[in-house]
Number of protein chains: 2
Amino acid sequence: MPKIVDKAKMRNDILDAAMCAFAEKGYHATSVSDVAVAAGLAKGTLYIYFDSKEAMTTAIVDRHFATLEDQIACGVTCSTLDAFLEDLHRTMDIPAEQASFHRVFFEVFGPSFASEAFTAHVARFFEGLGAHYAKQIAHLQELGEIAGHYHAASIGRMLASMMDGAVLHRGLFDISQRRHRRMIQETLAMLRAGLRSSPNRA
Amino acid sequence: MPKIVDKAKMRNDILDAAMCAFAEKGYHATSVSDVAVAAGLAKGTLYIYFDSKEAMTTAIVDRHFATLEDQIACGVTCSTLDAFLEDLHRTMDIPAEQASFHRVFFEVFGPSFASEAFTAHVARFFEGLGAHYAKQIAHLQELGEIAGHYHAASIGRMLASMMDGAVLHRGLFDISQRRHRRMIQETLAMLRAGLRSSPNRA
DNA sequence: AATTATTATGACCAGACAGTCATTAAAAGT
DNA sequence: ACTTTTAATGACTGTCTGGTCATAATAATT
């Protein structure tokens, strides 16, 4: 009897349209009506699928980070320090096009950092990334590839912050591929030496 | 005859109050009236000193970067690796209140990353920071405090990115002071070992 | 075709907000 | 004390936006 709609698909389509609109006009300059137009729906309809504008935003980020989390989750556990560093290398040495996503991300979602919920989502992702690194580090410590005196959790989380910084700068500022590569290489060499080394008596 | 006021000081005081209010409630959630209350003035008074809410915001960032640039410029040259690391420590271990600037920064200026000019401005700052670090590193290499095989410019610039990442995460996400301190300590220990070490034959 | 549960609509509302301006207060000089 | 110029005020306004809801459309089933 009733009209039936694929709600999941609808939500997804709406998010796509919202993302488009946000990217075009800027987040705060985009009203819910604008999103509705972009989605080819009436404003009221949006509120059937999302409780609020903020809920849409959160959902977009959710979706994006879920994808990233999957990528992390299926990362293999490394058995040598060099393999781990190679992993970091791959994460940092992203293609320019993917790097530019971050620019759009800040452009579109910068204002969203006002929202606790939004910030919490992003925070959770980086906690996950940090935990992932920590696990790898702990494992390598057991194998004697990394000095045992380091606190894996702390180093792991900081590595996540630092990777974020590196990737961000790569995406936001015009650092040439060549220069970026050299920076990565030098830095990884430093990390390699640092992680291997026994405790310093200072 | 006329009532006379130190306009520069007044502007500064207003910016302080505005920054406080923005940090507490979030930029978009803070009305000009809120800023007025925070400043202990009437709304209309603010418009004597600033043309618009946006003008206040721009002024805040200008001031912030000017301060940072000064701090870098008059940074003393370190003569030991530990002193240099101590410097990094100070930069990273910023008080929570100052860290909150970054949240507001992204909230307000996220969209501005669309502008080439704006991005270039921020980029220039980080180039400066990177160059500053590079100089320190090169100097410490001459003193034998840091292994000579590292490319100072690359490490310096990457350090700037990474510091940014670390400070950003500290400001954006709720990382406790205690945890943050531990992360810093562990990381600096790692950097210390890494920077000291002779080239790895890999 | 009639029925009915579901989905879609967009005019409408309440309230919030940036910015204005006529008025009042303050203080520096006479 | 009086004048004069600058500074401060806050009620007011026009606009805009997130969110609601009574009503209309839709399609699956009988």
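Side chains included, hydrogens not; waters and symmetry mates left out as well; all remaining heavy atoms used. All chains are named by letter (A, B, ...) in the order of the sequence lines, taking the proteins before the strands, and each is independently numbered beginning at 1. Remember, it's a predicted structure, so these values are computed and weren't measured experimentally.
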Among side-chain atoms of [X] and [Y], is any donor-acceptor pair under 3.5 angstrom?
X: A:R157; Y: A:S161; answer: yes
X: B:E145; Y: B:T80; answer: no
X: B:Q177; Y: B:R182; answer: no

Could you work out which one of [options] sits closest to the side chain of [X]?
X: A:T45; options: C:dT9, D:dA7, D:dT9; answer: C:dT9
X: A:A42; options: D:dA7, C:dA8, C:dT9; answer: C:dT9
X: A:I48; options: D:dG19, C:dG19, C:dA8; answer: C:dA8

Any side-chain N or O of B:K7 below 4.0 angstrom from OP1/OP2 of D:dA7? yes
Using atom [atom1] of [X] as one end and atom [atom2] of [N] as the other, report the distance to the nearest whole Å.
X: B:Y47; N: C:dA22; atom1: OH; atom2: C1'; result: 18 Å
X: A:D51; N: D:dT20; atom1: CG; atom2: C1'; result: 13 Å
X: B:L46; N: C:dT20; atom1: CG; atom2: P; result: 13 Å
X: B:K53; N: C:dA18; atom1: NZ; atom2: C1'; result: 9 Å
X: B:H28; N: D:dG18; atom1: NE2; atom2: C1'; result: 15 Å

Heavy-atom donor-acceptor pair, A:K43 side-chain to D:dG18 base, under 3.5 Å: yes
Does A:Y47 have A:K53 sitting over its ring (NZ/CZ under 6.0 Å from centre, angle to axis within 45°)? no
Please compare A:S52 and B:Y49 by the position of their nearest nucleotide in DNA chain D and report the one closer to 5'. B:Y49
Across the strands shown, which category fits A:S31 at heavy-atom distances under 4.0 angstrom: base, sugar-phosphate, nothing? sugar-phosphate
